[in-house]
Amino acid sequence: MILGSVTADQMATVEDALTNRLGLDPLVRCENAAAAVAEQSRRMLGSLTNQSIVILVGFGSAAEVGAAQARRLANWGAQVTILLALDRQNVSPQVARQLELAERCGVPVFDPGALMPPAELIVDGLAGYQPPSRLTDHAADLAALALGVKVPMLAIDVPSGLDATTGKADQPAIRADVTVALGYPKAGTCKPFATN
């Protein structure tokens, strides 16, 4: 079945309805999304045993899903590292919970400013679909570092730096090899890549 794409505002309305009208726990949605992203990571690399995966974690649902998938990848044998775009005390409670669970599974979590370790795959969980799409501060630094590494990139929901509705990108913007849409594909990911 082919699904249509949605704007950022339409996706926010869908998420609100799922939580407030249908009673679907956001944690359940996060875990389902994390399972899908982890499975796509496995498809991209084949065997995960001793494969190095770096997950970039910023804000919003993409960050939560990125942190949540880390423990799955670690349990499947990958060497996973999380690089934060925000100081630990500034992440959302949902992201903080997922980071704690990842650490319990042996995943190291590094504060902003850490160097990019060697990787076979980089997972972009910096921003997701929610505004602002323009990356600043440590998120922009991490995106620029990732763009300098010649390995496959997997974006969670929307490549960071890309406007989920218009498809316009501010530099730096992640150029993902694969994007796993959460819920519905975002309209901006269905348009030709263009920079502002």
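Computed over heavy atoms, backbone and side chain alike; hydrogens, waters and symmetry mates excluded. Along the sequence shown, residues carry numbers from 1.
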If every non-hydrogen atom of [X] is compared with every non-hydrogen atom of [Y], which pair is closest and at what distance?
X    : Y    : value
L182 : A33  : CD2-CB, 3.6 Å
A85  : P112 : C-CG, 3.9 Å
V107 : A74  : CG2-CB, 3.8 Å
Q98  : C30  : NE2-SG, 4.0 Å
M116 : L145 : CE-CB, 3.9 Å
G125 : I156 : CA-CD1, 4.1 Å

**OP:** May I ask you to test the R175-P159 pair for a side-chain heavy-atom distance under 4.5 Å?
**Re:**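 Not in contact.
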Original post:
Heavy atoms, side chains only, cut-off 4.5 Å: are I55 and T81 in contact?
Top reply: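 The answer is no; the side chains never approach within 4.5 Å.
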**OP:** Run the numbers on I122 and V151 for side chain to side chain contact (heavy atoms under 4.5 Å, CB included), then give the verdict.
**Re:** CA-CA 7 Å; I122 296 175; V151 299; 3.8 Å; yes
In Å and rounded to the nearest 0.5 Å, what is the [atom1] to [atom2] distance from [X] to [Y]?
X    : Y    : atom1 : atom2 : value
L56  : S160 : CG    : OG    : 8.0 Å
L48  : L121 : CG    : CG    : 9.0 Å
D124 : D177 : CG    : CG    : 11.5 Å
L115 : L83  : CG    : CG    : 9.0 Å
N50  : Q79  : CG    : CD    : 5.5 Å
D170 : D163 : CG    : CG    : 8.5 Å

Original post:
For R42, does the CZ atom sit with more than 12 other heavy atoms under 6.0 Å from it, leaving out its own atoms?
Top reply: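 Yes, CZ of R42 has more than 12 neighbouring heavy atoms, counting only those of other groups under 6.0 Å.
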Original post:
Among I53, V54, L99, which residue meets the side-chain contact (heavy atoms from CB on, under 4.5 Å) test with I82?
Top reply: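 Passing option: L99.
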Original post:
Is it true that R97 and E103 make a salt bridge, defined as a side-chain N closer than 4.0 Å to a carboxylate O?
Top reply: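 Here R97 does not pair with E103 in a salt bridge, since their nearest N and O are not under 4.0 Å apart.
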**OP:** Verify side chain to side chain contact (heavy atoms under 4.5 Å, CB included) between V180 and L154, making sure each step is shown before the conclusion.
**Re:** CA-CA 8 Å; V180 176; L154 169 61; 3.7 Å; yes
Original post:
Counting N and O atoms only, with roles assigned by atom type, does the side chain of E120 sit under 3.5 Å from a partner on the main chain of Q51, one being a donor and the other an acceptor?
Top reply: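 Here the side-chain-to-backbone pair does not exist.
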Subject >> Any donor-acceptor N/O pair, E64 side chain to V95 backbone, under 3.5 Å >> reply: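 No, E64 side chain to V95 backbone: no donor-acceptor pair under 3.5 Å.
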**OP:** Compute whether any side-chain donor of one residue and acceptor of the other, for R43 and Q40, lie under 3.5 angstrom apart.
**Re:**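 Yes, Q40 and R43 have a side-chain donor paired with an acceptor closer than 3.5 Å.
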**OP:** Would you sort out whether R71 and E100 count as a salt bridge (charged side-chain N to carboxylate O under 4.0 Å, His left out), showing the intermediate values?
**Re:** CA-CA 10 Å; R71 61 190 143 85; E100 181 182 322; over 6 Å; no
**OP:** Establish whether L101 and V109 are linked, either directly or via other cluster members, by ILVMFWY side-chain heavy-atom contacts under 4.5 Å.
**Re:**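 No: no chain of side-chain contacts under 4.5 Å links L101 to V109.
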